[in-house]
Amino acid sequence: MLEYLESLPLVDHHCHGVLDRDLGRAEFEESLTEAETAGPPGASMFDTQVGFALRRWCPPVLDLEAHAEPEAYLARRAELGAAEVNRRFLAAAGLAALCVDTGYAPRSILGPDALGRLAGAAAHEIVRLEAVAERVAADGTAATGFADEVRGRVAARGAVGAKSIAAYRAGLELSGARPSDAEVAAAAGRLMRAAEAGGTQPRVCDEVLHRFLVWCAVDAGLPVQFHVGYGDVDADLRRGDPLLLIGLLRAMDPVPAMLLHNYPFHRHAGYLAQVLPNVYVDAGLATHNLGHRAPALIAELLELAPFGKVLYSSDAFGLAELYHLGALLFRHGLAGFLAGGVEDGAWTSRDAERVGGMIASGNARRVYGL
Amino acid sequence: MLEYLESLPLVDHHCHGVLDRDLGRAEFEESLTEAETAGPPGASMFDTQVGFALRRWCPPVLDLEAHAEPEAYLARRAELGAAEVNRRFLAAAGLAALCVDTGYAPRSILGPDALGRLAGAAAHEIVRLEAVAERVAADGTAATGFADEVRGRVAARGAVGAKSIAAYRAGLELSGARPSDAEVAAAAGRLMRAAEAGGTQPRVCDEVLHRFLVWCAVDAGLPVQFHVGYGDVDADLRRGDPLLLIGLLRAMDPVPAMLLHNYPFHRHAGYLAQVLPNVYVDAGLATHNLGHRAPALIAELLELAPFGKVLYSSDAFGLAELYHLGALLFRHGLAGFLAGGVEDGAWTSRDAERVGGMIASGNARRVYGL
Amino acid sequence: MLEYLESLPLVDHHCHGVLDRDLGRAEFEESLTEAETAGPPGASMFDTQVGFALRRWCPPVLDLEAHAEPEAYLARRAELGAAEVNRRFLAAAGLAALCVDTGYAPRSILGPDALGRLAGAAAHEIVRLEAVAERVAADGTAATGFADEVRGRVAARGAVGAKSIAAYRAGLELSGARPSDAEVAAAAGRLMRAAEAGGTQPRVCDEVLHRFLVWCAVDAGLPVQFHVGYGDVDADLRRGDPLLLIGLLRAMDPVPAMLLHNYPFHRHAGYLAQVLPNVYVDAGLATHNLGHRAPALIAELLELAPFGKVLYSSDAFGLAELYHLGALLFRHGLAGFLAGGVEDGAWTSRDAERVGGMIASGNARRVYGL
């Protein structure tokens with residue numbers, strides 16, 4: 001089963017750019033997990049599930065033995081240089097297509113085209129809704145024209161999907177009601193006045209605006225990705241439970257809602273994928289962070305979620321290693337899940353291969369129309 | 001251990017009627033999970049854990065090979081006809097007794113007597129509290145007489161237990177206080193006026209009334225079953241966490257409270273079963289929906305829940321297959337759990353058999369006085 | 001790996017005294033779990049995961065065969081007497097050091113010195129913050145002097161850490177803001193007036209005071225232990241989710257916050273340990289209560305928590321057996337986790353031993369400065 005999955009190119013339906021420059025140890029450790037810093041003395045981020053997974057699987061891609069020590073690994077990484085490292089890991093991921101969230105792109109981050117070239121895969125864009133709104137607000141659009149301008153830019157972007165980061169800002173408790181233009185104009189006015197008063201860039205953090213943005217994507221017929229659950233500490237995890245989103249999920253049917261990451265609420269997400277026709281789920285970000293435990297996560301996600309509604313994503317960001325680790329751990333975990341079922345007689349190997357193909361790429365191709 | 005559990009007839013302490021008519025594929029898929037519909041194109045409800053469990057275990061009961069394709073299975077099912085299909089699956093479940101929730105009974109649903117005959121088991125009734133209240137309201141009872149009338153009908157029903165669906169309506173955050181007759185009369189008045197104004201049947205969805213109904217059952221000395229957690233999408237899962245119910249669980253002691261289903265809050269339910277003397281738990285509905293993963297659920301439920309407070313239920317509804325799958329997956333999962341402990345030396349086989357007997361039927365017999 | 005962990009003395013960073021007197025069966029059962037009572041008829045607390053773990057592992061320490069029946073076990077226990085029983089189990093735990101929470105000490109409970117002598121280990125005190133505040137209030141301190149008096153007593157105690165039981169009282173939703181002296185004085189006044197009016201001992205149950213107490217410990221540079229999740233039924237488990245505490249955890253950085261127990265929110269706790277530099281976690285109390293399932297808990301805790309931020313604690317209270325069971329199940333569970341990774345090639349045995357040493361004692365020594 002693992003060989004079969006290794007033969008299948010994956011569609012990574014949610015990922016980010018990688019850094020196009022060399023990294024010191026502290027910065028590398030900071031990029032390895034969702035921690036704010038490389039950890040207090042005595043608590044290296046290499047001593048984590050993802051750290052051990054990296055030391056097991058990544059050194060051979062850089063011509064080292066598995067389980068290389070961190071210093072040796074980072075020395076070899078520096079020797080090869082970021083460009084070569086990125087090339088090797090993106091190629092190793094074995095991707096057919098990538099859907100790149102371009103909404104958070106600090107300096108030195110590669111964009112979709114460059115990622116696609118490195119991966120030898122088709123690259124598509126996922127437009128981050130809040131980034132569009134913040135750009136419109138920063139451009140000095142009048143509050144009354146804000147809604148139309150945002151709608152227009154979202155629809156004109158040519159993206160295959162949209163992404164909401166409401167979970168990081170106002171939380172996922174979004175109502176299902178479509179906000180009126182007057183409500184949006186009022187909220188946009190508040191957004192712009194707050195930025196002006198603070199002398200800062202506009203920052204969307206308002207239930208009305210997050211909701212409005214989802215409706216812009218829905219009206220444009222774009223599948224909407226929602227950050228759910230696990231992420232960095234800016235996300236108040238309490239407000240990232242996908243059960244909070246049920247009203248809006250219902251209201252946006254039949255436009256697909258893609259619940260991303262989901263850990264530790266992945267069973268909640270699986271429930272929603274079963275009971276609501278337009279809900280899809282993945283276990284991105286958590287898969288590589290759980291390392292040797294990723295199979296447990298995948299098995300739990302697949303308890304209630306119909307197999308036709310589960311997708312692969314890496315949610316890789318910054319380190320090219322995460323493209324490789326995400327894909328590898330996903331293939332291993334899913335292969336173990338499917339092969340275990342074959343061994344126990346729970347399903348036939350023919351069905352297992354069919355399900356493997358759906359989750360590896362078929363479901364994503366169908367939902368995004370790739 | 002599996003042979004031993006297969007030799008033990010089960011008490012299914014919470015189940016429903018099955019449909020007494022033939023079903024097309026769409027209707028069959030809709031009945032297979034808690035989804036609202038048979039799923040969008042590409043996402044068949046057969047491609048789920050319960051779908052694969054059905055294809056593995058049910059075809060042989062209808063003289064087909066395991067892993068039959070859905071179309072072949074449904075064709076054979078139609079050929080045999082609903083009456084024969086129901087007879088075979090109810091018999092295959094290996095039941096000693098059934099406690100049938102009669103509160104939701106659309107057309108063509110078999111009642112307790114018919115189910116008992118098909119299963120060769122004693123059939124008992126679980127009275128659904130909200131249905132009694134809605135009937136009383138529909139009968140035009142005066143609001144001031146509502147409380148007494150409901151109390152009387154609940155007590156006179158001859159049921160072995162009562163069922164609350166507060167989780168589907170106002171949610172499980174019910175206070176522990178017994179509502180006064182004046183509060184109940186006021187709430188009953190609101191219920192009847194709303195139905196009259198809307199020209200609809202009365203529909204209980206009011207914290208006071210749900211709570212009053214639980215007290216009616218408590219006063220009648222009936223164990224009260226609570227829908228908890230997993231169910232169809234009408235239940236706002238956020239409000240179905242059993243931890244919300246702790247005040248009322250405490251207040252109703254020593255009358256037994258039976259927490260049903262519980263997934264994905266089964267660990268919360270296990271905690272309540274340990275710390276509160278009158279709380280009991282099961283994993284109905286989720287057991288067959290999790291299919292090949294049911295053993296993980298059973299093991300998690302049995303982390304904190306005392307083994308003397310865990311019961312079996314199928315929560316089967318509509319498809320007779322679910323009676324068979326629930327019982328089979330429960331026996332397999334519990335057998336694996338108990339045998340694994342014996343193998344590791346965690347308990348003796350004698351203790352394992354004793355615990356198996358308690359969970360299979362002994363605990364239910366004791367609590368319901370069967 | 002198990003042999004290696006058995007060779008390592010543990011630091012038990014959160015435990016309590018044991019009873020220095022003989023116990024009857026009912027009292028023994030009540031002490032075995034977090035239940036309020038020994039259970040209704042038919043639901044013995046011996047028929048639980050912890051009960052079976054006790055029957056497997058404890059009888060040999062008292063010269064009986066494993067799996068002794070409860071009556072035989074209790075008879076032998078009575079024959080040996082509490083002093084000998086305590087001596088044997090504390091020694092069997094294999095401890096290097098204990099950090100004893102002295103805040104709840106009913107009659108006949110041994111203190112840190114006696115425990116340390118029995119265990120042959122260094123004993124340290126963890127000061128329970130609410131107990132100090134209640135003592136100050138009971139001493140008739142003026143409300144305006146309350147803050148300084150509490151601060152002084154916490155700092156002067158010579159403890160290696162402090163403990164907050166906010167989860168048992170006002171819940172974990174504590175703001176990150178340091179309360180002003182005026183706020184504290186007002187809250188102290190309410191505390192004392194309530195005690196006076198009720199003729200009772202002062203009982204802290206006020207968000208301002210719990211928060212103030214944490215800041216007293218932070219100002220004294222003491223690591224702060226928080227009761228989180230599982231505990232007896234006095235704790236409203238809904239309010240014991242560590243995600244509720246995120247504001248205060250952030251604000252108290254870099255003083256260490258030690259999240260205790262955590263079950264069933266241990267994945268939430270692991271997340272916090274990863275993303276916040278000053279957060280540490282354990283699985284005390286739950287480890288022995290889960291018995292044969294403890295390995296699953298340990299594996300789940302170690303999904304996101306960096307291995308440099310996980311500690312051992314027993315949370316043993318009352319029964320000396322719990323010191324032995326906690327240590328034994330922890331060593332077995334961690335050994336299985338680490339050895340499984342070695343077998344699968346996830347990490348080397350050298351790394352596994354290093355991680356084992358960190359979790360067994362190294363992390364605790366570093367954080368508490370032992």
Side-chain angles (χ1 to χ4, degrees), chain B residues 172-173 241-247 249-250 253-254 256 264-280 296 298-310 337-338 340-352 354-355 358-359 362-367, chain C residues 29-30 32-57 65-70 229-241 261 263-267 285-297 300 329 332 336:
Chain B
L172 286 179
E173 194 157 7
D241 184 334
L243 296 179
L244 298 170
L245 197 58
I246 194 166
L249 294 174
R250 270 184 168 292
D253 184 51
F265 306 119
H266 44 286
R267 282 169 157 167
H268 298 192
Y271 161 79
L272 292 168
Q274 181 181 97
V275 298
L276 290 172
N278 60 319
V279 173
Y280 297 78
I298 290 167
E300 289 179 10
L301 182 67
L302 291 169
E303 284 171 352
L304 286 193
F307 303 158
K309 303 180 86 179
V310 178
F337 172 84
L338 293 171
V342 172
E343 198 175 320
D344 293 344
W347 39 69
T348 63
S349 57
R350 198 179 130 210
D351 274 321
R354 184 172 59 83
V355 166
M358 287 160 57
I359 297 178
N363 294 332
R365 288 188 190 285
R366 191 179 70 245
V367 173
Chain C
E29 285 204 32
E30 283 166 25
L32 192 53
T33 71
E34 297 298 301
E36 297 188 294
T37 67
S44 163
M45 287 299 151
F46 275 103
D47 289 335
T48 53
Q49 288 279 14
V50 64
F52 281 107
L54 183 140
R55 288 178 53 204
R56 175 191 196 175
W57 297 111
E65 298 280 314
H67 307 297
E69 293 292 332
Y230 183 40
D232 69 46
V233 74
D234 280 348
D236 183 347
L237 195 55
R238 270 178 299 175
R239 306 165 92 183
D241 184 335
H261 327 322
Y263 182 96
F265 306 118
H266 44 287
R267 282 170 157 167
L285 183 62
T287 299
H288 64 257
N289 270 283
L290 263 62
H292 189 225
R293 282 285 297 174
L297 167 63
E300 288 179 10
L329 291 167
H332 281 243

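Proteins get letters first, then strands, A, B, ... in listed order; numbering begins at 1 in each. Not measured: the values here are computed from a predicted model. Side-chain atoms are counted along with the backbone in the values below, which use heavy atoms only and exclude waters and symmetry mates.
- With no hydrogens or angles considered, a side-chain donor-acceptor pair links D344(B) and H292(C) at under 3.5 Å.
- Annotation: the span from M45(C) atom CE to Q274(B) atom CD amounts to 6.0 Å, rounded to 0.5 Å.
- Remark: side-chain polar atoms of E303(B) are not paired, donor with acceptor, to backbone N or O of R293(C) under 3.5 angstrom.
- Residue Y280(B) touches chain C through its side chain alone, counting heavy-atom pairs closer than 4.5 Å.
- What you find for G345(B) and R56(C) is that their closest heavy atoms are O-NE, 3.0 Å.
- To the nearest 0.5 Å, the span separating CD on E300(B) from CD on E300(C) amounts to 6.0 Å.
- For E69(C), the part sitting under 4.5 Å from any heavy atom of chain B is the side chain, from C-beta outward, and nothing else.
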Worksheet item: Do V275(B) and E36(C) pass the side chain to side chain contact (heavy atoms under 4.5 Å, CB included) test, and can you show the C-alpha distance, the side-chain angles, and the key distance before you say yes or no?
Response: CA-CA 6 Å; V275(B) 298; E36(C) 297 188 294; 5.5 Å; no
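- Closest non-hydrogen pair, V233(C) versus Y271(B), comes out as CA-OH, 3.7 Å.
- Taking OH of Y263(C) as the reference point, atom NE2 of H268(B) lies at 8.5 Å (rounded to 0.5 Å).
- Within the 4.5 angstrom heavy-atom criterion, atoms from both the backbone and the side chain of L244(B) approach chain C.
- Only the side chain of R55(C) comes within contact range of chain B, judged by heavy atoms closer than 4.5 Å.
- One distance of note links CG of L243(B) with CG of D236(C); it measures 7.5 Å at 0.5 Å rounding.
- Contacts of F46(C) with chain B are absent, with no heavy-atom separation under 4.5 Å from either backbone or side chain.
- When heavy atoms are compared at a cutoff of 4.5 Å, D47(C) approaches chain B by way of both its backbone and its side chain.
- In plain terms, the two heavy atoms of A43(C) and G308(B) that are nearest each other are CB-O, 4.1 Å.
- The minimum heavy-atom distance between P264(C) and R267(B), with the atom names listed, is CB-CB, 4.0 Å.
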